[in-house]
Amino acid sequence: MEMIVRTKQFFMGIGDLTYFAARFFKQLVRPPFEVKELLRQCYQVGNRSLLLVVTTGFIIGLVLTLQTRPTLIEFGAVSWMPNMVGISIVREIGPVITALICSGRVASGFGAELGSMRVTEQIDAMEVSGTNPFKFLVVTRILATTLMLPLLVIFGDLIALYGSSLVEYFKGNVAFKLYFNKVFEALSYGDLVPATMKSFVFGFVIGLTGCYKGYKTERGTAGVGIAANTAVVMASLLLFMVDFVAVFISDIFYEL
Amino acid sequence: MVTAPKSREAMKERSQDEVVVNIQNLYKSFGDNHVLNGFNMVLYKGENVVVMGKSGSGKSVMIKCLVGLMAPDSGRVEVLGKDINGLDQIALDQLRSDVGFLFQGSALYDSMTVRENLEFPMRRHRKKFANLDDTLPLVKEALENVGLAHTMDLMPVELSGGMKRRIALARAIILKPKLILYDEPTSGLDPITAKEIIELMRSIQKKYGTSALIITHDVDCARVISERMILLVDGINYIEGTYAELIKSEDPKVNAFFKK
Amino acid sequence: MSKTSLQNLKLGIFVVLGTLLLLIASYLIGNGQNIFAKNVTLHAVFKNVNGLQIGNNVRFSGVNIGTVDKLEMSNDTSITVYMVIGEKMRKHIKKDAIATIGSDGLVGSMLVNIVPGKGGMGSVNDGDELKSYSRISTQDMLNTLNVTNENAALLTSNLLKVTQSMMEGKGVVGRLLTDTIMGQDFHRMVSDLQQGSQRANATLTELQGLVQRMNMDKSVAGTLLSDTLTAMKMRTSIENLETSSMAVKEMAQHLEQIIDSIKTGDGLFQRVTRDTTMSRLLMETMENIEQGTRKFDENMEALKHSFLTRGYFRKMERESGDDRGKKQP
């Protein structure tokens, strides 16, 4: 019995989220456009996450290179390090790690912020003030994450590659120029384009789940905590699902 | 339904076109929880009406139905002569610009300065207030009305609870509405600050001649501000009358409100 | 400066920097694929590209000068490889340069090597076709055919010698008749020879059929024939084969005549026994003949397995099998 109820709730949740997403697209194209608020959110999502993304990216690049070095040395393929690290970071690790970091920071932030606005009636106050709160709060936020995440991914990728090249420089005496030369030789548009497309979708997913959980918050202050928490969990889960689908789709357009 | 005779006579004296709020047979339920079971009330121009009820009695639901934040299950809600439920978004927005709303927890936007908070209701008149300087006189006026002119560039977190409530009040009146709805204006405030807020509400009403609908469970507040009171019990307008009339009532349900 | 405009400034820097990085990255990637530089397109036709892929490097004397842009199947065995090459390199590639398929190290990816020609030719132009060299090529097939011809010619001359000496010296045959083992050997040899000549005949008709098919449809061999030089070579080699097999046939007839005369004729025994040198010569000759037949068989076998004609022989086999199947339902 409980199983049935839970399953029903699950599908209701999916349906509700889909409706929320549809509402986003409907409101997105309809004027007025909240440009000022969009810029503010872009700053909050983009610039404010940059340090975090750059730090994790650097460490990931460093660690990935250090950990794979012994194996590659064993195979006598250590000169393939730039190719391997470059492709894995640009294709997969960069977008996914950046998205996860952002879902931790941004999705929970949106969940908590919109959740508290909901329970303190700020959203109602907006509605009464003649401003569409969905447009003002949700559309701007989702759009901001959708636009900013690819940029963050680019920064993250670059710093991760820089970290990796540092290891190669100190341990393998590989010049930076040679390292990046090899990386860009190994990369093709088949790596960069799907990864960038994917990043847009990741950004959308993070914004969507964060706003959805926040906007639909119930049950007072406790609900805010739940909203922030479930937003992160749901965003992370959805990110991996989207990633899975993205691999399939990019496989159609670019033979991997 | 027990109705105090005096208020009924007073009602008859007023002419029909002065009605600001007219609620007829309002029903609203959440699942099995029937909150409103045919609530009726009328608010006339320039009048201060207090609706009293226990928490969870549906006061907030009723006031949200007035501005279209909630849709009633059935019943007719007329505000300023217009049926709320029959309005499209644009007309509803127009109507809302004539209604000020003071929310229970002030509901100031945390991410904005006091000035931006006050400017927010003006967003609907983009063309009129395209220039930033156009809003300044209005903001200043509203802040002076609540005696907080110096807080203009502060953030809400830098303000005390009483100050926040006053800023919220300033935001509610900034477009000089014809009707102000107060949702628990004194809740969460100490008695002295509550008194200040009530004084402010009265002075504003005097200055702009607005009508006011106040929902509260604070008897002191009701006593000071109300010209007429409606007790909301069991989802209906249980009894209406002035404070003086109601306090004399023998009805136990009415008495329960006034016992200290 | 107010708070919001400072934020906008930072945001602007962030966005511009990010977009710039993306553009630089795509430029660098594109640079590797010669997308932004001025390019010329060259193409070459290969029989087999050994797993060459779009995007593989094109090397000229060991220097990466471009990438493979497109692979096009012209027909079932010829593949046109389009290569994009930097305009700067164009002047170094002469019109007689040869394109080959190679690989970059033991585990490396495939690539197209352009080998400079003898020189003295002008530079290539956009859209030019380069000569190609495939390892398993028409050259290989023609080489095989040539060897076959040579062997067949040798065999024929040897056989001719034998028959002539037989015609002249009749003593050999007498000895042949007394020596039973020798006689059996001779018989086997003759039947081998007959088989050989029959096979030669069959091969000849098959080859003729092949040539006709080559002329008719546009198979690999068809394209081969469009190259007149190759066609000429092929034709001469087939003609050689024809004459040599004719000679084999003729020689076999001679042999038969001899055997007949041995069977009918008498008084020859004395002479054969007396002439030992002659008989030794005959034995050597017979060994030569045997060797020759074997070699011819081997050559025919080689022809069957040769890359080009293999398919045709298989088809023949299948058809004959089908015929049999039809006859015995």
Side-chain angles (χ1 to χ4, degrees), chain A residues 5 9 12 23 26-27 30-45 48 106 109-141 144 210-211 214-215 217-221 223-224 228, chain B residues 30 60-61 63-70 79 84 89-112 116-129 132 156-157 161 164 167-168 171-172 174-175 177 179-181 183-184 187-188:
Chain A
V5 172
Q9 271 175 348
M12 272 167 73
R23 196 169 159 198
K26 222 183 281 171
Q27 295 285 347
R30 241 182 242 169
F33 304 110
E34 306 284 358
V35 180
K36 213 175 143 192
E37 179 68 9
L38 175 69
L39 290 180
R40 207 176 72 86
Q41 290 305 326
C42 283
Y43 176 79
Q44 294 291 335
V45 174
R48 292 295 195 85
V106 176
F110 285 176
E113 192 185 2
L114 294 191
S116 65
M117 286 186 85
R118 169 63 76 193
V119 299
T120 58
E121 295 178 311
Q122 288 178 48
I123 291 176
D124 285 340
M126 273 185 189
E127 176 99 50
V128 172
S129 300
T131 295
N132 184 342
F134 192 89
K135 197 183 267 296
F136 188 80
L137 298 172
V138 176
V139 172
T140 52
R141 276 171 174 76
C211 289
Y215 204 73
T217 300
E218 282 166 3
R219 291 192 293 274
T221 349
V224 178
Chain B
F30 299 94
S60 288
V61 173
I63 207 167
K64 279 180 180 172
C65 286
L66 271 181
V67 285
L69 285 175
M70 272 183 194
V79 176
I84 283 283
Q89 193 60 42
I90 295 162
L92 186 62
D93 268 350
Q94 260 174 355
L95 180 64
R96 279 171 177 172
S97 67
D98 284 332
V99 179
F101 202 126
L102 180 68
F103 285 89
Q104 196 169 354
S106 306
L108 293 182
Y109 310 126
D110 297 322
S111 56
M112 301 178 198
E116 282 165 338
N117 261 289
L118 292 185
E119 280 168 351
F120 204 86
M122 295 180 222
R123 290 165 50 82
R124 65 178 121 219
H125 306 296
R126 274 158 200 278
K127 281 175 192 142
K128 195 173 162 192
F129 299 109
L132 205 66
V157 284
K164 273 188 197 164
I167 300 290
R171 189 177 66 183
I174 193 155
L175 286 174
L179 166 69
I180 304 178
L181 307 174
D183 187 357
E184 307 276 10
S187 76

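In what follows, chains carry the letters A, B, and so on, assigned in the order in which the sequence lines appear, proteins first and then strands, with residues in each chain numbered from 1.
To the nearest 0.5 Å, atoms OG (B:Ser111) and CD (A:Glu37) are separated by 6.5 Å. How far CD1 of A:Ile123 is from CG of B:Leu69: 11.0 Å, rounded to the nearest 0.5 Å.
A search for side chain to side chain donor-acceptor pair (under 3.5 Å) contacts involving A:Thr120 returns A:Gln122, not counting sequence neighbours.
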Inset, instruction - Given side chain to side chain contact (heavy atoms under 4.5 Å, CB included), test B:Arg96 with A:Ser129 step by step and report yes or no. - result: CA-CA 7 Å; B:Arg96 279 171 177 172; A:Ser129 300; over 6 Å; no
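A 4.5 Å side-chain heavy-atom check between B:Phe101 and A:Asp124 finds every atom pair outside the cut-off. Residues A:Val128 and B:Val99 have side chains not in contact (no heavy-atom distance under 4.5 Å, counting atoms from C-beta outward). Counting heavy atoms from C-beta outward, B:Phe120 and A:Phe136 have side chains that approach closer than 4.5 Å. Contact of the A:Glu121 side chain with the B:Ser106 side chain is not registered, since no non-hydrogen atoms from C-beta on lie closer than 4.5 Å.
In this structure, chain A has a heavy atom under 4.5 Å from the side chain of B:Met112, while its backbone stays farther away. For B:Asp183, the part lying near chain A is the side chain, with the backbone staying farther off; criterion is any non-hydrogen pair under 4.5 Å. Heavy atoms of B:Leu108 lying under 4.5 Å from chain A belong exclusively to its backbone. Of the atoms belonging to B:Gln104, heavy atoms from both backbone and side chain fall under 4.5 Å from chain A.
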